[in-house]
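To start, the structure itself, in structure tokens.
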Amino acid sequence: MNKWLKVWSIFIFSIGGIVILLLFLTVFSLFSFRASMIPDRKEEDKVISQAEQYIQETYPTMKYEISHVLYDNDKEYADFEYAAVILNTETQKTFMVYENKHTEQMEDDIAIQEEAKFIEQVEPKVNLYLTKTFGEPKSMSFTPSYSTRAKPVLTIRLTNKKEEINEEMFQTFIDYLQHELKVEHASVNFLYENETEGWSTEF
């Protein structure tokens with residue numbers, strides 16, 4: 001009887017210990033998660049100071065205000081964790097200034113915004129060229145880079161069969177992008193109907 005009582009006592013204490021440990025880990029995880037959602041004031045002050053110096057050196061005549069600091073706790077941006085959001089008081093346009101965590105250099109996203117706007121303008125022309133040359137594409141996606149180290153990606157799924165398109169036709173399209181539309185950099189992918197292979201290039 002005493003033996004079974006001892007076994008049950010050990011079992012109950014073991015289960016109780018596991019439950020307490022799980023509760024502790026849960027509480028600790030919740031506190032850690034909450035802490036990760038709260039921006040670091042020192043990092044905010046640092047990026048504000050860096051942004052002010054960067055703007056004075058890069059855009060000395062710009063009239064601006066620092067709107068706020070963006071803390072990227074959701075890991076949406078690849079190049080930074082903290083960014084100063086700047087309002088150009090003359091144009092009323094906003095942009096971000098941050099320290100690129102890969103290059104450890106200060107930069108802004110004005111060029112990235114301009115790239116996105118440029119892509120929005122040329123997208124209808126790209127679609128028109130494709131439709132006239134190959135027929136209406138099944139799908140087309142022209143995605144801005146959103147990073148100073150990356151290139152915009154143009155992915156096109158055609159309704160054509162592989163044998164209907166040759167390298168010369170693909171290169172003519174690339175020439176059109178570069179010389180007619182003035183697309184400076186891009187990763188271009190042609191995919192055929194019901195096939196995963198196609199033509200691809202970067203420039």
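- For the pair T201 and F170, the minimum side-chain heavy-atom distance is below 4.5 Å.
- Closest of all the heavy-atom pairs between K101 and A78 is CE-O, 2.9 Å.
- What you find for H185 and K151 is that their closest heavy atoms are CB-CG, 4.3 Å.
- Around atom CD of E43, more than 12 heavy atoms belonging to other residues, nucleotides or ligands sit under 6.0 Å away.
- Atom CD1 of I110 is separated from atom OG1 of T94 by 10.0 Å, given to the nearest 0.5 angstrom.
- In terms of heavy atoms, A83 sits closest to V47 at CA-CG2, 4.1 Å.
- With values rounded to the nearest 0.5 angstrom, S200 atom OG is found 10.5 Å from L154 atom CG.
- Listed for the S49 side chain is no donor-acceptor partner under 3.5 Å among the backbone atoms of D45.
- Few gaps surround CD on Q171; more than 12 heavy atoms of other groups in view lie less than 6.0 Å from it.
- In plain terms, the two heavy atoms of P144 and I119 that are nearest each other are CA-CD1, 3.8 Å.
- Considering all non-hydrogen atoms of both residues, P152 and F142 come closest at CB-CE2, 4.0 Å.
- Interatomic distance, K46 NZ to R41 CZ, rounded to the nearest 0.5 Å: 16.0 Å.
- Within the 4.5 Å cutoff, no side-chain heavy atoms of Y59 are placed close to those of N88.
- A donor-acceptor contact shorter than 3.5 Å is absent between the side chain of K75 and the backbone of D72.
- Atom CD of E164 sits in a crowded spot, with more than 12 heavy atoms from other residues, nucleotides or ligands closer than 6.0 Å.
- For E123 and N127, the side-chain atoms include no donor-acceptor pair closer than 3.5 Å.
- No side-chain heavy atom of W199 sits under 4.5 Å from any side-chain heavy atom of M169.
- The six-membered or imidazole ring of F173 lies near that of F190, with a centre-to-centre distance under 6.0 Å.
- The distance from atom CD1 of I165 to atom CG of L158, rounded to the nearest 0.5 Å, is 4.5 Å.
- For the side-chain contact (heavy atoms from CB on, under 4.5 Å) with K117, the lone residue among Q121, E114, Q113 that qualifies is Q121.
- In this structure, E167 places its CD atom where only 12 or fewer heavy-atom neighbours from other residues, nucleotides or ligands lie under 6.0 Å away.
- Using a distance-only test at 3.5 Å, with no hydrogens or angles considered, a donor-acceptor pair links the side chain of E115 to the main chain of S145.
- Side-chain heavy atoms closer than 4.5 Å link hydrophobic residues (I, L, V, M, F, W, Y) into clusters, and following such links, even through other members, never connects L130 to V153.
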Show me the donor-acceptor pairs, under 3.5 Å and distance only, between side chains in residues 60-70 and residues at least two apart or in other chains.
none

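- Crowding of K125 atom NZ: a count of heavy atoms from other residues, nucleotides or ligands under 6.0 Å not exceeding 12.
- Heavy atoms from other residues, nucleotides or ligands lying under 6.0 Å from CD of E168 number 12 at most.
- Put simply, the side chain of E107 reaches to within 4.5 Å of the side chain of D79, judged on heavy atoms.
- In this structure, CG in L87 is found 9.0 Å from CZ in F95, a value given to the nearest 0.5 Å.
- Within the 4.5 Å cutoff, the side chain of T159 has no heavy atoms near those of the P137 side chain.
- Q105 CD to Q50 CD: the interatomic distance, rounded to the nearest 0.5 Å, is 10.5 Å.
- The backbone N or O of M140 sits nowhere less than 3.5 Å from a side-chain atom of R157 that would complete a donor-acceptor pair.
- The backbone N or O of F134 lies less than 3.5 Å from a partner atom in the side chain of N160, making a donor-acceptor pair.
- In this structure, the side chain of E180 does not engage the main chain of L177 through any donor-acceptor pair within 3.5 Å.
- Of the possible polar contacts, one joining the Y82 side chain to the D40 backbone as a donor-acceptor pair under 3.5 Å is found.
- Not less than 6.0 angstrom separates the ring centroid of Y77 from the ring centroid of Y98.
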